[in-house]
Amino acid sequence: MRPLIIAAVMTEQHHLKLLTYNIQVGIETSRYRHYLTRAWRYALPFRSRRENLNRIAQILAPYDLVALQETDAGSLRSNYVDQVAYLADQADFPFWHTRINRRLGPWAQHSMGLLSRYRPTEVREVSLPSRIPGRGALIARFGEEADGLLVVVAHLSLDRRTQAHQLAFLGSLIGDQTHAILMGDLNCSWDAIRAHGALAGLRGAPHPLPSYPSWRPTRSLDHILVTPSLDIQHTQVVSHVTSDHLPLAMHVALPRDLRLADDPAV
């Protein structure tokens, strides 16, 4: 039986299930009017937020790497719960990292995060260029630097000029990395990303996958982009309305010489 167990681990090592999700700090939104009628939920706690986070955790559980945007790192509105840590616990992810983008004292701790079933060899935080501070990215490395995997999680600004600077910055972070993944709410279409050119070496879904607004998606704002060394097997928007965005999922096959770790969850 032991050789079969080893083979199972090797197969899992060479496929990754990726997900990126803007969770809107745990607010369920299913109508435009909710931006007005539920606006107070951005600043104050409410009873059903925990229940919605539990539903989100169920969505995240089948995946290997998850990028989260619009989370709270522990403030009044989230009942002082670090939502990234909470989701990692509920979805049984052994490794997670929270980056706080904007600190508003006890009122809000705007953040983003990464959940992983593999132990990263390095995680660092960077600030994205912006006229208004508060946009950032997480950079995680898995495996040895020469032939390892670089994962970048980002949440870009709405302003197109600022986005252009941020896309150029992300391009410089990825550089000539052989194996890399960029995930996040990039607040622009794949056509706009390709037109900019900074990420021309990356590939995404073969056609637009609208993820916003969640109740009637018409805009492709959430993206998972990978280097050509990663073989895209499947990409889809996951139909669960627990935020104003829908989750975007991608399954990729890894080259045989790329190993994230000796075993999952180590």
Side-chain angles (χ1 to χ4, degrees), residues 12-13 15-27 52-73 78 81-101 110-125 136-143 149-156 179-186 204-205 209 211-212 214 221-226 230 232-254 260-261 264-266:
E12 187 70 20
Q13 279 281 123
H15 291 82
L16 274 183
K17 292 175 285 186
L18 311 170
L19 188 83
T20 184
Y21 196 8
N22 179 326
I23 70 165
Q24 199 190 18
V25 293
I27 302 172
N52 197 43
L53 286 176
N54 291 340
R55 288 192 290 269
I56 292 172
Q58 292 177 355
I59 297 169
L60 309 184
Y63 296 89
D64 299 310
L65 291 175
V66 174
L68 297 172
Q69 305 87 50
E70 286 197 27
T71 59
D72 190 273
S78 65
V81 170
D82 183 330
Q83 294 179 335
V84 174
Y86 181 82
L87 290 170
D89 180 68
Q90 293 298 304
D92 200 26
F93 281 87
F95 308 107
W96 56 272
H97 190 91
T98 300
R99 173 195 156 82
I100 300 177
N101 293 324
H110 298 281
S111 62
M112 61 195 301
L114 174 67
L115 312 182
S116 174
R117 302 207 178 278
Y118 296 90
R119 184 192 301 277
T121 53
E122 177 191 14
V123 180
R124 59 190 178 97
E125 305 176 5
L138 281 172
I139 302 100
R141 189 175 294 279
F142 297 85
L149 175 67
L150 186 74
V151 176
V152 180
V153 178
H155 188 187
L156 302 193
H179 312 302
I181 299 170
L182 170 63
M183 300 192 286
D185 177 0
L186 305 186
L209 292 173
S211 56
Y212 178 85
S214 58
L221 303 181
D222 303 278
H223 300 278
I224 302 176
L225 308 176
V226 302
L230 309 183
I232 299 173
Q233 305 284 294
H234 180 64
T235 309
Q236 70 173 46
V237 170
V238 182
S239 184
H240 285 282
V241 182
T242 49
S243 168
D244 61 344
H245 286 243
L246 292 174
L248 177 69
M250 178 183 286
H251 292 192
V252 298
L254 306 181
L260 305 181
V266 297

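Values below: all heavy atoms of this structure, side chains included; hydrogens, waters and symmetry mates excluded.
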I'd like to check [X] versus [Y] (side-chain heavy atoms, cut-off strictly below 4.5 Å). Are they in contact?
X      : Y      : value
Arg117 : Pro94  : yes
Leu182 : Ile224 : no
Leu68  : Leu114 : no
Trp96  : Asp82  : yes

Straight-line distance of [X] [atom1] to [Y] [atom2], nearest 0.5 Å:
X      : Y      : atom1 : atom2 : result
Leu138 : Gln69  : CG    : CD    : 10.0 Å
Ser211 : His223 : OG    : NE2   : 7.0 Å
Ile181 : Leu150 : CD1   : CG    : 9.0 Å
Leu115 : Asp92  : CG    : CG    : 11.5 Å
Met112 : Asp72  : CE    : CG    : 14.0 Å
Leu221 : His155 : CG    : NE2   : 9.0 Å

request  = Under the side-chain contact (heavy atoms from CB on, under 4.5 Å) rule, what do Tyr118 and Leu16 come out as? Steps first, then yes or no, please.
outcome  = CA-CA 11 Å; Tyr118 296 90; Leu16 274 183; 3.8 Å; yes

ask   = Going through the checks in order, is the side-chain contact (heavy atoms from CB on, under 4.5 Å) test met by Val151 and Ile139?
value = CA-CA 6 Å; Val151 176; Ile139 302 100; over 6 Å; no

Of the non-hydrogen atoms in [X] and [Y], which two are nearest, and what is the gap between them?
X      : Y      : value
Leu260 : Leu149 : CD2-CD2, 3.7 Å
Tyr63  : Leu18  : CD2-O, 3.6 Å
Gly113 : Val84  : CA-CG2, 3.8 Å
Val123 : Ala140 : CG2-CB, 4.2 Å
Thr121 : Gly143 : OG1-O, 3.3 Å
Ser214 : Val241 : OG-CG1, 3.4 Å

task = Please test Leu53 against Gln90 for side-chain contact (heavy atoms from CB on, under 4.5 Å), starting from the C-alpha separation and ending with a verdict.
result = CA-CA 9 Å; Leu53 286 176; Gln90 293 298 304; over 6 Å; no

request  = Kindly say whether Val25 contributes a backbone atom to a donor-acceptor pair with the side chain of Gln83 at under 3.5 angstrom?
outcome  = yes

inquiry  = Closer than 3.5 angstrom, by distance alone: can the side chain of Thr98 be matched with the main-chain N or O of Ala73 as a donor-acceptor pair?
reply    = no

Working for side chain to side chain donor-acceptor pair (under 3.5 Å), residues Asn52 and Thr242 = CA-CA 7 Å; Asn52 197 43; Thr242 49; 4.8 Å; no

inquiry  = Looking only at the side chains, is there a donor atom on one of Glu125 and His97 sitting less than 3.5 Å from an acceptor on the other?
reply    = yes

inquiry  = Within the 3.5 Å criterion, strictly below it, is a donor on Thr71 or Ser111 matched to an acceptor on the partner's side chain?
reply    = yes

Side-chain donor-acceptor contacts of residues 243-254 below 3.5 Å, not counting sequence neighbours, with atom names and distances?
residue : atom : partner : partner atom : Å
Ser243  : OG   : Asn22   : O            : 2.7
Ser243  : OG   : His245  : N            : 3.3
Asp244  : OD2  : Tyr35   : OH           : 2.8
His245  : ND1  : Asp222  : OD1          : 3.3
His245  : ND1  : Asp222  : OD2          : 2.8

request  = Could I get the full list of side chain to side chain donor-acceptor pair (under 3.5 Å) partners for Arg124, not counting sequence neighbours?
outcome  = none

request  = Take Asn54 and Tyr86, measure what side chain to side chain donor-acceptor pair (under 3.5 Å) needs, and give me the verdict at the end.
outcome  = CA-CA 9 Å; Asn54 291 340; Tyr86 181 82; 2.6 Å; yes

task = Carefully, step by step, assess Arg99 and Asn101 under the rule side-chain contact (heavy atoms from CB on, under 4.5 Å).
result = CA-CA 6 Å; Arg99 173 195 156 82; Asn101 293 324; 2.6 Å; yes

request  = Just jot down the side-chain contact (heavy atoms from CB on, under 4.5 Å) partners of Ala91, sequence neighbours excluded, or say none.
outcome  = Ala57, Leu60, Ala61, Phe93

